[in-house]
Amino acid sequence: MNSKIIYSIIVPLYNEELVLNESYRRLKEVMVSTKENYEIVFVNDGSKDKTKVMAEEICASDDSVKLINFSRNFGHQAAITAGMDLALGDAIIVIDADLQDPPEVMLEMIKKWKEGYEVVYGKRIKREGETFFKKFTAKMYYRVLKSMTSVDIPVDTGDFRLIDRKVCDALIALPEKNRYVRGLVSWVGYKQTYVEFVRQERFAGETKYPFKKMIKLAFDGITSLSYKPLVIAGHFGILAFIAGIILMFTDIIKDLFNKSGFVNFTLMISINMMMFGVTLGCIGIMGQYIGRIFDESKGRPIYIIDSTKNYNNTSKKYKVINLEHKIL
Ligand code: UDP
Ligand code: MG
């Protein structure tokens, strides 16, 4: 494929052997129907199953498919970032491998892009086959995040979206390490719109987002876009101080009227424990920010590429060859 690539489809993969072939088939079908040039960029995020071998087989039979293999698991957001760094298209679409984001929706996104929008995100109007816990926590989280930041982050959207080359270049230029890509897309601005879709059940396999990874992503979102948790921690301090003063004065007044002293040990201990909890919680919140400052100061790369496939005939050949086995 020599002529200019119009669409880059970025697909992060972590242990997706059960869905990869079907995912490729559906993506290919949709992209062929556009009758324009495209590349499908699989980013293998350190999978431990057959994902790598299977993706390499697909690359061997189809040179519109490219593969980036990480040296280990760096996480979903790092995989998306790598895909964007190496994407060649004028429009870049990020989509999950598990077919929860229906590939056919990409055509609606492309239509909006052609109308002149530079970001078209997928808005989930319904989520099928996900646990009540996941749906509830996600719904709450997006609303809390929105209330915490002045950046206009659309609720109920994931990373399934189309971005214009301009937006992609703006994102690539952001050096931060603990990336919350969907928040950064809102932060960079540009003309944004959405298409609605029903989030499907996972085609096969299990979620690759266990609770620990979900919490990390949630904190990345909040810390990268808002200082509010630190401000709230400060407010707790003021509240506790005022409560202490009130207690002290009521005690003094009681003494003045010669009533028996305020000695209730259980109450004292529980108040103390509560205040300890609040203090440690506030230190924990500070830790979330300090840890991220530490990550930035180390200046380590967001990901390390071990190898790539099908990048040989592209204009980014030089760049990719230089990146392999080196630190990005
Ligand atoms: N993923 C990844 N690295 C990870 C975890 C997930 O590249 O460490 C990929 C995964 O293969 C999938 C996408 O990110 O294509 C979304 O993951 P998943 O479907 O498991 O998340 P969920 O839809 O359950 O939130
Ligand atoms: Mg999924």
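Counting starts at 1 for both ligands and their atoms, following the listed order. What you see is a predicted model; the values in this text were computed from it and never measured.
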Is the F74 ring parallel, tilted or perpendicular to the F70 ring (thresholds 30°, 60°)?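 Taking F70 first and then F74, their aromatic rings stand perpendicular (interplane angle over 60°).
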
In terms of ring plane angle, is the pair Y227 and Y289 parallel, tilted or perpendicular, where the classes change at 30° and 60°? tilted

- Is there a heavy atom of R199 sitting under 4.0 angstrom from any atom of ligand 1? yes

- Report yes or no: does K134 have a heavy atom closer than 4.0 Å to ligand 1? yes

Numbered in order shown, the ligand 1 atoms found under 4.0 Å of a heavy atom of D45 are 2 (C), 3 (N), 4 (C), 7 (O), 8 (O)

Atoms of ligand 1 under 4.0 Å from any heavy atom of K208, numbered from 1 in the order shown, are 5 (C), 6 (C), 18 (P), 20 (O)

Quick one: do [X] and [Y] make a salt bridge, cutoff under 4.0 Å?
| X | Y | value |
| --- | --- | --- |
| K309 | D63 | no |
| K208 | D45 | no |
| R124 | D101 | no |
| E108 | K112 | no |
| D159 | R182 | yes |

[X], any N or O under 3.5 Å of ligand 1 N or O:
| X | result |
| --- | --- |
| E206 | no |
| G75 | no |
| A79 | no |

How far is [atom] from its nearest protein heavy atom, and which residue and atom is that?
| atom | answer |
| --- | --- |
| atom 8 (O) of ligand 1 | K213 NZ, 2.7 Å |
| atom 24 (O) of ligand 1 | T207 OG1, 2.6 Å |
| atom 11 (O) of ligand 1 | E16 OE2, 2.6 Å |
| atom 14 (O) of ligand 1 | H76 CD2, 3.2 Å |
| atom 1 (N) of ligand 1 | Y14 CB, 3.7 Å |

* To do: Run through the side-chain heavy atoms of Ile, Leu, Val, Met, Phe, Trp and Tyr, join any pair under 4.5 Å, and report what else lands in I242's cluster.
  =>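 Cluster partners of I242: I238, I246.
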
All N/O donor-acceptor pairs, side-chain side in residues 272-282, below 3.5 Å, sequence neighbours left out:
from : atom 1 : to   : atom 2 : distance (Å)
T279 : OG1    : M275 : O      : 2.6

Check your understanding: Do any protein N, O or S atoms sit under 2.8 Å from the Mg ion (ligand 2), and which ones are they?
Key ->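 Listed by chain and number, the nearby protein N, O or S atoms are D98 OD2, Q100 OE1.
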
* To do: Determine which pairs satisfy salt bridge (Lys or Arg N to Asp or Glu O under 4.0 Å) with at least one residue from residues 46-55, sequence neighbours left out, and list them in order.
  =>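 Qualifying pairs, neighbours excluded: none.
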
Practice problem: Would you check if there is a donor-acceptor pair between the side chains of E36 and Y7 at a distance under 3.5 Å? | Solution: yes

